[in-house]
Amino acid sequence: MPPSSSPPLPDERLAAGAARLATRYAGRFAPETVLALLTDSYTRLAEPARVRTHLVVLAERLTAERLDALAHTQGTAGTGRVRVLFVCIHNAGRSQMAAALLAHRAGDAVTVSSAGTHPAGDVETFVAQALTEAGVDLSDVYPKPLTAEVVEAADIVITMGCGDACPVVPGRRYLDWPVPDPDGAPIAVVRDIRDAIDTRITELLAELGA
């Protein structure tokens with residue numbers, strides 16, 4: 001049975017997560033803002049999810065990413081690092097690989113995000129396998145919805161098969177990487193796609209001097 005489009009909210013667990021985030025962002029965002037973003041993040045993640053066991057934890061991570069992005073655009077925080085956002089349709093394949101590989105290779109030199117215009121419930125199995133084989137940490141690899149905060153905070157937005165579905169924010173640099181979709185492809189093909197993306201990551205890092 002498909003998940004409900006209006007999933008019930010785990011109020012107590014969300015409240016605990018909101019309290020943690022409110023403490024972390026005290027002085028920058030009101031607790032009400034934090035709770036509203038956390039609730040929205042949970043709802044967005046829950047709609048396509050097939051398994052909801054860890055959704056509160058993922059929603060808390062997504063909310064932290066959104067708050068960091070919002071703080072960056074408001075000038076209340078910032079590291080001066082280039083912020084790169086990868087966008088595809090489902091955020092289960094190409095954009096996940098690109099973001100994970102860039103984060104793995106750039107370390108703290110670049111702030112990396114990924115999102116999907118219509119995020120899937122899970123990252124594709126062979127995509128996760130190909131990243132693991134490359135030594136990539138999968139702790140932040142999960143489909144995320146495209147949110148205004150992350151787009152507006154990005155310096156570079158790299159689209160990968162989502163056409164004009166990504167909103168255009170003035171002053172951002174937009175690139176399109178025409179990489180094949182790994183959806184349903186055998187592991188050997190997914191590895192080839194991973195390596196093609198990694199070649200583009202090498203070129204991007206050289207350009208950024210990171």
Side-chain angles (χ1 to χ4, degrees), residues 1-3 41 44-62 65 82-147 150-151 154 156-166 174-208 210:
M1 180 180 296
S41 295
R44 290 185 185 219
L45 290 172
E47 286 176 359
R50 291 188 286 270
V51 179
R52 294 176 177 166
T53 306
H54 304 294
L55 277 184
V56 173
V57 173
L58 296 180
E60 192 170 337
R61 291 183 189 173
L62 177 60
E65 182 177 341
V82 174
R83 303 178 71 95
V84 180
L85 169 65
F86 293 96
V87 183
C88 67
I89 297 174
H90 300 303
N91 195 218
R94 288 168 286 189
S95 60
Q96 283 288 352
M97 286 197 286
L101 288 167
L102 179 57
H104 177 67
R105 296 185 55 190
D108 293 334
V110 179
T111 298
V112 186
S113 299
S114 71
T117 55
H118 297 86
D122 297 293
V123 172
E124 293 163 21
T125 301
F126 285 160
V127 167
Q129 180 180 333
L131 289 173
T132 299
E133 291 172 356
V136 174
D137 180 7
L138 300 185
S139 60
D140 196 42
V141 174
Y142 62 96
K144 309 171 191 69
L146 185 64
T147 64
V150 176
V151 176
I156 302 172
V157 179
I158 300 176
T159 58
M160 307 178 78
C162 57
D164 58 0
C166 180
Y174 285 80
L175 301 172
D176 183 67
W177 287 3
V179 178
D181 189 349
D183 183 22
I187 184 61
V189 173
V190 175
R191 290 182 183 124
D192 288 342
I193 295 172
R194 176 201 63 198
D195 294 344
I197 292 173
D198 199 45
T199 297
R200 291 179 177 271
I201 294 293
T202 298
E203 295 169 354
L204 179 63
L205 285 170
E207 179 185 336
L208 296 176

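Sequential numbering from 1 along the given sequence is applied to the chain's residues.
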Working for side-chain contact (heavy atoms from CB on, under 4.5 Å), residues His54 and Tyr142: CA-CA 11 Å; His54 304 294; Tyr142 62 96; over 6 Å; no
Answer yes or no: is there a donor N or O on one side and an acceptor on the other, between the side chain of Asn91 and the main chain of Lys144, under 3.5 Å? yes
From Leu101 CG over to Arg200 CZ, what is the distance, rounded to the nearest 0.5 angstrom? 13.5 Å
Pairwise distance CH2(Trp177) to CZ(Arg94) - rounded to 0.5 angstrom: 13.0 Å
If you take all heavy atoms of Pro143 and Gln96, which pair is closest and at what distance? N-NE2, 3.5 Å
Rounded at 0.5 Å granularity, tell me how far CZ in Arg191 sits from CG in Asp198. 15.0 Å
Close side-chain approach of Ile197 and Met160, heavy atoms under 4.5 Å: yes
Search all heavy atoms of Ala185 against all heavy atoms of Val190 and return the closest pair with its distance. O-CG2, 3.7 Å
Could you tell me whether the side chain of Thr159 and the main chain of Cys88 form a donor-acceptor pair under 3.5 Å? no
Side-chain contact, heavy-atom cut-off 4.5 Å: Leu45 with Pro145? yes
Please find the pair of heavy atoms, one from Ala59 and one from Ser41, that lie closest to each other, and give the distance. O-CB, 3.8 Å
Could you walk me through whether Glu133 and Gln129 satisfy the side-chain contact (heavy atoms from CB on, under 4.5 Å) test, starting with their C-alpha distance in whole Å, then the side-chain angles of each, then the deciding distance to 0.1 Å, before giving a yes or no? CA-CA 6 Å; Glu133 291 172 356; Gln129 180 180 333; 3.1 Å; yes
Check whether any side-chain N or O of Arg194 sits under 3.5 Å from a backbone N or O of Ala130 as a donor-acceptor pair, and report yes or no. yes
To the nearest 0.5 Å, tell me how far Arg44 CZ sits from Leu146 CG. 8.0 Å
How close do Ala120 and Ala92 get, counting heavy atoms only, and between which atoms? CB-CB, 4.0 Å
How many angstroms lie between OG in Ser114 and CD1 in Ile158, if you round to the nearest 0.5 Å? 11.5 Å
Here the pair of heavy atoms bringing Ala99 nearest to Ser113 is CB-O, 4.0 Å
Carefully, step by step, assess Asp183 and His90 under the rule side-chain contact (heavy atoms from CB on, under 4.5 Å). CA-CA 10 Å; Asp183 183 22; His90 300 303; 5.5 Å; no
Going through the checks in order, is the side chain to side chain donor-acceptor pair (under 3.5 Å) test met by Arg105 and Thr202? CA-CA 9 Å; Arg105 296 185 55 190; Thr202 298; 2.7 Å; yes
Distance check, rounded to the nearest 0.5 Å: Leu102 atom CG versus Leu208 atom CG? 8.0 Å
Looking only at heavy atoms, which two atoms of Asp176 and Gly161 are closest? And how far apart? OD1-N, 4.1 Å
